[in-house]
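In what follows, chains are A, B, ... by sequence order, proteins preceding strands, each numbered from 1.
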There are 2 protein chains.
Amino acid sequence: MWDVSFIPLRPGSLSGPVTERSDAARNRERLLGAARELIEECGADGLTMDRLAERAGVGKGTVFRRFGSRAGLMMTLLSDSEADFQARFMFGPPPLGPGAPGLERLVAFGAARIAYVLEYGELARAADESAYNRFDVPAAVLWHRHIELLLRAEGMDADPRLMAMALSATLDPERLLHAVRVHGIEPGRLVESWRELVTRVVRGA
Amino acid sequence: MWDVSFIPLRPGSLSGPVTERSDAARNRERLLGAARELIEECGADGLTMDRLAERAGVGKGTVFRRFGSRAGLMMTLLSDSEADFQARFMFGPPPLGPGAPGLERLVAFGAARIAYVLEYGELARAADESAYNRFDVPAAVLWHRHIELLLRAEGMDADPRLMAMALSATLDPERLLHAVRVHGIEPGRLVESWRELVTRVVRGA
DNA sequence: ATATTATCCGGACCGTAGTCCGTTTAGACG
DNA sequence: CGTCTAAACGGACTACGGTCCGGATAATAT
């Protein structure tokens with residue numbers, strides 16, 4: 001299994017000096033710990049940058065120096081599970097990983113993504129909201145490219161890039177969470193609907 | 001042509017007394033005029049509620065009393081064009097209106113929606129953003145139901161409601177605008193891709 | 001004309017995300 | 001160990017959306 005930790009979840013996370021000053025590292029750990037505590041207690045929406053700074057015992061400027069924005073913090077909190085998800089659909093066992101036909105991989109990708117959103121949805125939503133270019137975040141670009149790749153593997157002729165965009169839109173965390181939480185849609189129905197959708201899109205060629 | 005102005009763009013816009021106090025009406029006109037001015041000068045994103053109040057010569061509380069929120073203001077500004085759009089796809093001439101086959105109407109709906117977003121996109125985006133339940137706004141529900149109706153008319157068997165949700169996601173203003181403005185996608189490609197998508201979804205039955 | 005009342009008005013106030021800049025300090029170098 | 005500097009720190013500050021409530025006023029009843 002390759003190490004895929006080089007796939008950054010947010011832009012610019014690899015810039016700057018390689019080494020981190022000890023106080024910076026200490027504060028980063030404090031902040032991440034405090035953030036997880038606060039989310040445990042108040043939910044993702046209940047985490048404010050002021051409270052986080054207070055809980056971690058650092059200044060507010062330090063929080064923004066570390067993570068750039070609230071969305072950046074959320075992405076950092078998601079980065080482990082996100083890297084795991086990426087590893088699974090890129091290098092893991094089929095049908096999610098390579099080895100299965102494109103269509104099966106597409107279906108599995110949607111199912112895995114839906115499961116991911118159901119588990120980490122609040123964080124993902126918080127990471128998206130108020131992120132001006134949430135569509136250009138490296139992770140989002142990677143999902144998009146992956147779908148496009150699978151479409152091409154299935155012989156998609158008509159504008160695979162835009163087809164991938166359309167399919168990506170379907171998996172938007174905000175929409176999925178809204179369907180489940182507000183309208184009480186069963187996750188299984190979402191997966192089944194995704195299967196129908198991608199099957200028709202691919203077969204229609 | 002029917003009068004479809006009864007289709008509210010935002011929830012609650014029909015509640016309360018039928019008559020409006022004269023000073024309230026005067027201030028509403030002032031506010032709408034000032035809002036259009038500000039958007040002309042600074043763009044939709046440059047319109048802040050404080051500046052709007054100042055420009056209109058009213059207190060800030062009055063702005064929120066009128067429109068409830070920034071999103072509500074944006075919806076009010078969109079209500080004329082939105083009512084027109086609704087009238088066209090519900091009662092207008094085919095292929096957008098009734099009289100054409102479901103698939104053709106679906107294609108026309110997407111094309112019309114894309115054109116709409118290209119014209120009023122900034123406002124639509126501003127109306128969506130930070131609106132907690134943007135998916136349950138009456139107008140959005142109407143679009144969704146319309147797509148679902150057309151899918152059923154084409155004999156869609158598998159969960160037309162969720163299929164309609166997936167197709168709606170594709171027409172999200174934020175995504176469309178992002179594709180056009182950031183990635184420079186030609187609107188014609190968007191329309192063509194929509195045609196491919198709905199054709200495959202419908203025919204795949 | 002006067003009194004009554006429901007509605008409306010205004011701007012002070014709050015919580016939040018994000019910025020700024022003077023101060024502190026880790027760590028490298030002599 | 002002392003010096004130096006780039007990096008990190010912290011919290012006051014701004015801008016914004018949204019709330020609140022005491023005072024003003026338009027419509028209505030008498």
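Between A/Phe67 atom CZ and D/dC9 atom P there is a gap of 11 Å when expressed in whole angstrom units. In this structure, B/Glu20 atom CD and D/dT25 atom P are separated by 18 Å, rounded to whole Å. Rounded to an integer number of Å, the gap from B/Asp45 CG to D/dA15 P is 18 Å. Atom CD of A/Glu54 and atom P of C/dG15 are 13 Å apart (whole Å). When the C1' atom of C/dG11 is taken as reference, atom CG of B/Leu52 falls 15 Å away, rounded to whole Å. In this entry the distance linking CZ of B/Arg55 with P of C/dG11 reads 18 Å, nearest Å.
The side-chain heavy atoms of B/Arg145 and B/Leu149, taken from C-beta on, include no pair separated by under 4.5 Å.
Every side chain to side chain contact (heavy atoms under 4.5 Å, CB included) that B/Asp172 has, sequence neighbours left out, goes to A/Arg175, B/Asp128, B/Arg134, B/Glu174, B/Arg175. In this structure A/Arg195 satisfies the side chain to side chain contact (heavy atoms under 4.5 Å, CB included) test together with A/Val107, A/Glu192, A/Thr199, sequence neighbours excluded. Applying the side chain to side chain contact (heavy atoms under 4.5 Å, CB included) rule to A/Ala164 yields the partners A/His144, A/Ile147, A/Glu148, A/Leu151; only residues at least two apart in sequence or on another chain are considered. Applying the side chain to side chain donor-acceptor pair (under 3.5 Å) test to B/Arg21 and every residue at least two apart in sequence or in another chain returns B/Asp23. Every residue was checked against the side chain to side chain donor-acceptor pair (under 3.5 Å) condition with A/Thr48, not counting sequence neighbours, and none meets it. Residues passing the ring pair (Phe, Tyr, Trp, His ring centres under 6.0 Å) test with A/Tyr116, sequence neighbours excluded: A/Phe85, A/Tyr120. In this structure B/Glu104 satisfies the side chain to side chain contact (heavy atoms under 4.5 Å, CB included) test together with B/Pro95, B/Ala100, B/Pro101, sequence neighbours excluded.
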> How does each nucleotide of nucleotides 17-23 of chain C score, in 5' to 3' order, for protein heavy atoms under 4.0 Å: base (B), sugar-phosphate only (S), or none (-)?
Replying inline: BBB----

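A/Asn27 contributes atom CG, which lies 9.5 Å from atom CD of A/Glu20 (distance to the nearest 0.5 angstrom).
Applying the 4.0 Å criterion to OP1 and OP2 of D/dA8, one finds that A/Thr62 has every side-chain N and O outside that range.
Less than 4.0 Å separates DNA chain D from at least one heavy atom of each of the following residues of residues 22-38 of chain A: A/Asp23, A/Ala24, A/Asn27.
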Under 3.5 Å, sequence neighbours excluded: what are the donor-acceptor pairs made by side chains of residues 178-186 of chain A?
{"unit_1": "A/His178", "atom_1": "NE2", "unit_2": "B/Asp136", "atom_2": "OD2", "d": "3.0"}
{"unit_1": "A/His183", "atom_1": "NE2", "unit_2": "B/Asp136", "atom_2": "OD1", "d": "3.1"}

What pairs of donor and acceptor atoms, side-chain ones from residues 31-46 of chain A against any protein atom, are under 3.5 angstrom apart with sequence neighbours left out?
{"unit_1": "A/Glu37", "atom_1": "OE1", "unit_2": "A/Arg55", "atom_2": "NH1", "d": "2.6"}
{"unit_1": "A/Glu41", "atom_1": "OE1", "unit_2": "A/Arg55", "atom_2": "NH2", "d": "2.9"}
{"unit_1": "A/Glu41", "atom_1": "OE2", "unit_2": "A/Arg55", "atom_2": "NH1", "d": "3.3"}
{"unit_1": "A/Asp45", "atom_1": "OD2", "unit_2": "A/Arg125", "atom_2": "NH2", "d": "3.3"}

Show the distances under 3.5 angstrom between N or O atoms of the protein and N or O atoms of nucleotides 22-24 of chain D.
none

